[in-house]
Protein chains: 2
Amino acid sequence: MGVYIQVLEGLLLQEQQVISSEKLAEQCEVNPSQIRKDLAYFGEFGVRGVGYYVSDLLKAIKYFLGIDRNWNCILVGVGNLGRALLRHQQLAQKGFQIQMAFDCDPFKIGERVAGHEVICTRRLKEKAQQMQIDIGLISTPPERAQRAANHMMQAGIKGIVNFAPTRINVSQDVIVDYVDFSNHLISMAFRLSHP
Amino acid sequence: MGVYIQVLEGLLLQEQQVISSEKLAEQCEVNPSQIRKDLAYFGEFGVRGVGYYVSDLLKAIKYFLGIDRNWNCILVGVGNLGRALLRHQQLAQKGFQIQMAFDCDPFKIGERVAGHEVICTRRLKEKAQQMQIDIGLISTPPERAQRAANHMMQAGIKGIVNFAPTRINVSQDVIVDYVDFSNHLISMAFRLSHP
DNA sequence: ATATGTGAAAGTTTTCACAGCA
DNA sequence: TGCTGTGAAAACTTTCACATAT
């Protein structure tokens, strides 16, 4: 689904105004019917005999996915991965604004990274509650991920994206998404082994 | 599938020798039948009335997934994300050894990161062919991802994991896997918007 | 003419339910 | 008794094929 956005934004840059499900399917590497089913799901956006208006379609998809607004994010763990996330252009572009960065390393506290002052993790609750934070990103080493999650839960954050390679326990009402690099490499190893 | 490994390795550390599909399902957050089906797929590894022997099961899964061996990897793009990958303990632990790191920035060439000398990307083919490289990791900015992929293809690499937020074109016989952070945040936004 | 939207068919995955074995 | 392995059922997803709209 995210692929659609990526491809459609590419088309917008090329100033292509209309696209057919067939052409779009080609670029997204999926079946044309798939696309028509998906797009029909949130309203009739295509024009028969013509195709889809790229700009309108993008707006509709963004609305449907809930990214027609900004999402306030915070990040815990200003290591290399944390810095990569703080500097990641596309996140901010898509409305995922990392408002604050936390770390428990005294050497990092006070440092500025990509326009953010690094704040002590113990002050997370206090700081995060001043602003309504929607999503927390964990980019700590695995052994500190649970603690980061606990801080986030205490601040009332309901969505956690965990980049640390470990599972975390959260209360029922919190949604966790895991981003695990190893899994991608495992999947690649499997595909290379079973041609 | 990678979840099984993560959880089983956790159990191994806790020196738990046997686990039932029910308990394993709980930790992996899936249905017990799911697990039994999956595990039965590559042989009868469970013992009725008892459960699965953790250590044997792990070996069987690793064999099945093709990670009972080492995979030689290279990385292109020694920015923050590249450094995070080079320092990522679990990748090496799982047999994904990043053998060389490349970058086109003259200021980075020659630098040592996590025990690797950063090499000029133009020398990739020459260097990578000396060692049989299985997998290439791209952690460049998006505008340089395609070039990195081209270098990898010229060196005969058949598996590419692309961390840059852009699609790349590769020849038929090359497998590409995309790791896109934005997609995870989009999925989170969607789940938070549709409770 | 051309390309969408969609019901029906085919395919795939998940879950159930219980026989079978330690 | 307790827990696996598995066929059958249910749920979900993908694809086809064509009526329908511009």
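Chain A is the first sequence line, chain B the second, and so forth, proteins listed ahead of strands; every chain is numbered from 1.
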**Prompt:** Side chains of B:Gln90 and A:Asp180: do they bring a donor and an acceptor to under 3.5 Å?
**Reply:**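 A:Asp180 and B:Gln90 do not have a side-chain donor-acceptor pair below 3.5 Å.
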**Request:** Determine whether the side chains of B:Asn150 and B:Gln146 contain a donor N or O and an acceptor N or O closer than 3.5 Å.
**Result:** yes
Give the rounded distance in Å between these two atoms: [atom1] of [X] and [atom2] of [N].
X: A:Glu22; N: D:dA17; atom1: CD; atom2: P; result: 15 Å
X: B:Glu26; N: D:dC3; atom1: CD; atom2: P; result: 13 Å
X: A:Leu39; N: C:dA3; atom1: CG; atom2: C1'; result: 13 Å
X: A:Lys23; N: C:dT2; atom1: NZ; atom2: C1'; result: 13 Å
X: A:Glu44; N: D:dA19; atom1: CD; atom2: C1'; result: 14 Å
X: A:Leu24; N: C:dA3; atom1: CG; atom2: C1'; result: 13 Å

**Request:** Among B:Ile160, B:Asn162, B:Asn183, find the one that has a side chain to side chain contact (heavy atoms under 4.5 Å, CB included) with B:Tyr178.
**Result:**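 In the set B:Ile160, B:Asn162, B:Asn183, the residue that makes a side chain to side chain contact (heavy atoms under 4.5 Å, CB included) with B:Tyr178 is B:Asn162.
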**Message:** So if I take residues 50-59 of chain B and measure heavy-atom distances to DNA chain D, which residues fall below 4.0 Å?
**Reply:**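 Residues of residues 50-59 of chain B that come under 4.0 Å of DNA chain D are, in numerical order, B:Val50, B:Gly51, B:Tyr52.
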**N/O donor-acceptor pair under 3.5 Å between B:His194 side chain and B:Phe190 backbone** =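 Judged by distance alone, yes, a pair lies under 3.5 Å.
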**Message:** Give me the atom names and distance for the closest heavy-atom approach of B:Ser139 to B:Leu85.
**Reply:** CB-CD1, 4.2 Å
**Item:** Check ion pair A:Lys59-A:Asp68 (N to O, under 4.0 angstrom)
**Value:**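 A:Asp68 and A:Lys59: not salt-bridged.
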**Asked** With a non-hydrogen cut-off below 4.0 angstrom, is B:Ser21 in contact with a base, only sugar-phosphate, or nothing?
**Response**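 B:Ser21: backbone/sugar contact only, no base atoms under 4.0 Å.
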**Prompt:** Between A:Gln34 and D:dT13, is there a side-chain N or O to OP1/OP2 distance below 4.0 Å?
**Reply:** no
**Prompt:** Is any side-chain N or O of B:Asn31 closer than 4.0 Å to OP1 or OP2 of C:dT13?
**Reply:**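 So the side chain of B:Asn31 is outside the cut-off, no N or O lying under 4.0 Å from OP1 or OP2 of C:dT13.
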**Message:** Closest-nucleotide mapping onto DNA chain D: is A:Val47 or A:Lys37 further toward the 5' terminus? I mean the 5' end.
**Reply:**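 Nearer the 5' end of the strand: A:Lys37.
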**Request:** For A:Val30 and for A:Gly49, locate the closest nucleotide of DNA chain D by heavy-atom distance; then report the residue assigned to the nucleotide nearer the 5' terminus.
**Result:** A:Val30
So if I take every side-chain heavy atom of [X] and compare against [options], which nucleotide ends up nearest?
X: B:Ser20; options: D:dT4, C:dT4, D:dT15; answer: D:dT4
X: B:Arg48; options: D:dG2, C:dA17, D:dT14; answer: D:dG2
X: B:Arg36; options: C:dC18, D:dG7, C:dT6; answer: C:dC18

**Message:** Would you say that B:Phe64 contacts B:Lys62 through its side chain, given a criterion of any heavy-atom pair below 4.5 Å between the two side chains?
**Reply:**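 Not touching, per the 4.5 Å side-chain cut-off.
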